[in-house]
Trainee: 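Input: one structure, supplied below.
Note that the structure is a prediction, hence the values are computed from the model and not measured.
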Amino acid sequence: TATFSETVVVDTTNGSPTLTIVVDSTNRTATYSSGSNSTQLVFKYTIQDGENDSDGISIGANALSLNSSTIKDTAGNNATLTHSAVSDNSSYKVDTIPPTVSSTGITSATGRQNNFVNAGDVVSVTATFSESVLVTSGSPTLTLAVGSNNRTATYTSGSGSAPLVFGYTIQAGDTDTNGISISANALSLNSGTITDLAGNTATNITHSAVSDNAEYMVDTTAPSVSSFAMSDTAIKIGDNATVTLVLSEKVILFSSSADITVPNGSLSTMTSSDNVTWTGTYTPTDDVEDDTNVLSLATSYTDPAGNN
């Protein structure tokens with residue numbers, strides 16, 4: 001809008017006034033549309049595809065042109081068209097570029113320990129866009145690869161910012177010894193709509209794959225006992241026996257003094273080089289005869305994921 005000091009009349013018989021605006025660094029022509037017989041003349045320009053101005057549209061000094069028209073007051077005096085420049089108007093930024101996906105990745109998980117997640121833990125995955133976006137409808141999804149199975153993470157938060165967060169709750173039976181991965185182009189709008197703040201719709205949501213993330217391995221299976229045996233089951237005075245415990249996987253927090261009940265004797269602290277096979281020495285108590293003597297194993301230990 002060009003505002004005059006008094007009511008003016010526009011004669012467009014031989015032409016139409018224009019006003020040059022600056023979109024980013026390019027001059028664009030706004031043409032007269034209305035306002036004759038008032039103090040304010042309105043000029044319009046239609047934004048073109050590919051135009052962008054992150055600072056806001058500006059107007060240079062003396063950008064108003066008659067373009068073979070006339071602008072006069074009601075007494076017939078020609079209007080003086082000089083005016084000051086208008087700096088970047090941040091209320092009128094220009095953005096015609098749709099948002100795209102810059103990256104995807106696993107960013108956090110509840111209950112994670114020793115780089116493992118377990119049943120019930122919620123894995124958060126983030127899709128980061130090239131600019132702030134809005135989720136205006138539907139519920140976008142992002143597919144994760146947990147072992148050899150595809151699992152669906154659903155949109156949870158982030159509208160109004162560049163990163164959108166998706167969540168997946170680990171299910172019983174999920175297993176991934178290498179770490180969760182994301183295939184290329186795993187993001188789906190799922191009948192939803194994602195736009196930037198200017199209203200450009202994200203139609204190209206392709207992205208690169210994310211390889212196995214060893215910080216988010218999955219283990220929902222409790223360790224089991226493969227074997228629990230003594231090297232000699234008929235121990236005489238002065239004898240001892242080697243006790244060997246073999247588990248199905250590595251365990252933590254195992255303590256033979258706390259986890260094994262030893263009647264009629266003592267068991268040295270069991271040790272292991274791999275946290276799978278554990279050995280110790282059983283020494284019987286003198287002057288005891290018991291043909292039903294049994295060492296009992298508790299289950300207070302866990303695997304690195306916390307299963308027990």
Trainee: Any sub-3.5 Å donor-acceptor pair from Q171's side-chain atoms to T169's backbone N or O?
Mentor: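 Yes; at least one donor-acceptor contact below 3.5 Å.
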Trainee: Please determine, by modelled atom types, if D239 and Y282 share a side-chain donor-acceptor pair under 3.5 angstrom.
Mentor: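 D239 vs Y282: no donor-acceptor pair found between side chains.
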Trainee: Go through the side-chain N and O atoms of S255 and S257 and say whether any donor and acceptor fall under 3.5 Å apart.
Mentor: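 Yes, S257 and S255 have a side-chain donor paired with an acceptor closer than 3.5 Å.
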Trainee: So, S137 and T193: side-chain donor and acceptor under 3.5 Å apart, yes or no?
Mentor: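 Result is yes, a qualifying pair exists.
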Trainee: With a 4.5 Å limit on heavy-atom distance, are the side chains of T12 and Y32 in contact?
Mentor: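 A side-chain contact under 4.5 Å exists here.
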Trainee: Taking H83 for its side chain and A63 for its backbone only, find out whether a donor-acceptor pair lies under 3.5 Å.
Mentor: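 Yes: the side chain of H83 pairs with the backbone of A63.
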Trainee: Kindly assign one of parallel, tilted or perpendicular to the pair W278 and F254, based on the angle between their ring planes and the thresholds 30° and 60°.
Mentor: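 Ring orientation of W278 relative to F254: tilted.
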Trainee: Answer yes or no: is there a side-chain heavy-atom contact under 4.5 Å between S248 and V225?
Mentor: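 Heavy-atom side-chain distance check fails, nothing below 4.5 Å.
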Trainee: Using a strict threshold of under 4.0 Å (side-chain N to carboxylate O), is an ion pair present between K72 and D11?
Mentor: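 Salt bridge absent between D11 and K72.
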Trainee: Between T277 and T244, which heavy-atom pair has the shortest distance, and what is it?
Mentor: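 Heavy atoms of T277 and T244 come nearest at CG2-CG2, 4.1 Å.
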Trainee: Does V9 reach the side chain of I71, with side-chain heavy atoms less than 4.5 Å apart?
Mentor: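 Side-chain contact under 4.5 Å: no.
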Trainee: Can you find a heavy atom in the side chain of Y301 that is under 4.5 Å from one in the side chain of L247?
Mentor: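 A side-chain contact exists here, since the closest heavy-atom pair is under 4.5 Å.
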Trainee: Test F43 against L41 for side-chain contact (heavy atoms from CB on, under 4.5 Å), laying out the working first.
Mentor: CA-CA 7 Å; F43 297 76; L41 302 184; 3.7 Å; yes
Trainee: State the CG-OG1 distance between L187 and T141, to the nearest 0.5 angstrom.
Mentor: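 If I round to the nearest 0.5 Å, the distance is 7.0 Å.
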Trainee: Do K250 and V276 have side-chain heavy atoms sitting under 4.5 Å apart?
Mentor: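 Yes, close enough: below the 4.5 Å cut-off.
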Trainee: To the closest 0.5 Å, what do you measure between CG (N62) and OG1 (T80)?
Mentor: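 One gets 11.0 Å once the value is rounded to the nearest 0.5 Å.
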Trainee: Please determine, by modelled atom types, if N67 and S65 share a side-chain donor-acceptor pair under 3.5 angstrom.
Mentor: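 Per modelled atom types, N67 and S65 side chains form no pair under 3.5 Å.
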Trainee: Nearest 0.5 angstrom please: E51 CD to T46 OG1, how far?
Mentor: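 E51 atom CD to T46 atom OG1 measures 9.5 Å (nearest 0.5 Å).
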Trainee: So do the side chains of M230 and L295 get within less than 4.5 Å of each other, counting heavy atoms only?
Mentor: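 Yes, side chains in contact.
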Trainee: Taking T31's backbone N and O only, do any of them form a donor-acceptor pair with T18's side chain (distance below 3.5 Å, no angle check)?
Mentor: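 Looks like no, no N/O pair under 3.5 Å.
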Trainee: Taking all atoms of both residues into account, what is the closest heavy-atom pair of N308 and A222, and its distance?
Mentor: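 In terms of heavy atoms, the two residues are closest at O-CB, 3.5 Å.
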Trainee: Quick one: OG1 on T221 to CD on E249, what's the gap to the nearest 0.5 Å?
Mentor: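 Here the rounded value is 7.5 Å.
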Trainee: I57 vs V94, test: side-chain contact (heavy atoms from CB on, under 4.5 Å). Steps then yes/no.
Mentor: CA-CA 7 Å; I57 297 172; V94 181; 3.7 Å; yes
Trainee: Would you compute the distance between atom CG of L164 and atom OG1 of T156 and round it to the nearest 0.5 angstrom?
Mentor: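 Reported to 0.5 Å precision, the distance equals 9.0 Å.
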Trainee: Is it true that the side chains of S272 and D274 contain a donor and an acceptor less than 3.5 Å apart?
Mentor: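 Looking only at side-chain atoms, D274 and S272 do form a donor-acceptor pair, the distance falling under 3.5 Å.
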Trainee: Step by step, work out the side-chain contact (heavy atoms from CB on, under 4.5 Å) result for L267 and I260.
Mentor: CA-CA 9 Å; L267 178 65; I260 298 179; 4.0 Å; yes
Trainee: Can you measure from CD (E215) to CZ (F116) and round to the nearest 0.5 angstrom?
Mentor: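 The CD atom of E215 sits 12.5 Å away from the CZ atom of F116.
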Trainee: When clusters are formed by joining ILVMFWY residues with side-chain heavy atoms under 4.5 Å apart, either directly or through shared neighbours, do L66 and F4 land in the same one?
Mentor: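 In one cluster: yes.
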Trainee: Where do V22 and D24 come nearest, in terms of heavy atoms and distance?
Mentor: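 In this case the closest contact between V22 and D24 is CG1-O, 3.2 Å.
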Trainee: Using the rule that Ile, Leu, Val, Met, Phe, Trp and Tyr join whenever any side-chain heavy atoms are under 4.5 Å apart, tell me whether I106 and Y168 fall into a single cluster.
Mentor: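 Yes: a chain of side-chain contacts under 4.5 Å links I106 to Y168.
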Trainee: Check whether any side-chain N or O of T1 sits under 3.5 Å from a backbone N or O of Q40 as a donor-acceptor pair, and report yes or no.
Mentor: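 No, the answer is negative, given that no donor and acceptor are paired below the 3.5 Å cut-off.
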Trainee: For L189 and A202, work out which heavy atoms get closest and say how close.
Mentor: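 Scanning both residues, the minimum pair turns out to be CD1-O, 4.0 Å.
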Trainee: Honestly curious: do L297 and V262 fall in one hydrophobic cluster under the side-chain, below-4.5 Å linking rule?
Mentor: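 Same hydrophobic cluster.
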Trainee: If you take all heavy atoms of T29 and Y45, which pair is closest and at what distance?
Mentor: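 Closest approach of T29 to Y45, heavy atoms only: O-CD1, 3.3 Å.
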Trainee: Determine whether a donor-acceptor pair (N or O, by modelled atom type, separation under 3.5 Å) exists between the side chain of N190 and the backbone of S139.
Mentor: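 Side chain of N190 to backbone of S139, a donor-acceptor pair under 3.5 Å: yes, one is there.
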Trainee: Going by atom types only, do T279 and T242 share a side-chain donor-acceptor pair under 3.5 Å?
Mentor: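 There is no such pair (donor and acceptor under 3.5 Å, judged by atom type) between the side chains of T279 and T242.
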Trainee: Given side-chain contact (heavy atoms from CB on, under 4.5 Å), test S87 with S58 step by step and report yes or no.
Mentor: CA-CA 5 Å; S87 58; S58 61; 5.7 Å; no
Trainee: Which heavy atom of T126 sits nearest a heavy atom of P163, and at what distance?
Mentor: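 So the two residues come closest at CG2-CB, 3.5 Å.
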Trainee: Please tell me if the side chains of I180 and N213 come closer than 4.5 Å, counting only heavy atoms from C-beta onward.
Mentor: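 They are not in contact (no side-chain heavy atoms under 4.5 Å apart), so the answer is no.
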Trainee: Under a 4.5 Å cut-off applied to non-hydrogen side-chain atoms, are V125 and L144 in contact?
Mentor: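 The answer is yes; the side chains approach within 4.5 Å.
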Trainee: Verify salt bridge (charged side-chain N to carboxylate O under 4.0 Å, His left out) between D174 and R151, making sure each step is shown before the conclusion.
Mentor: CA-CA 10 Å; D174 283 348; R151 297 291 190 244; 3.0 Å; yes
Trainee: Does either side chain, that of N307 or that of N118, offer a donor lying less than 3.5 Å from an acceptor on the other one?
Mentor: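 Yes, a side-chain donor-acceptor pair sits under 3.5 Å.
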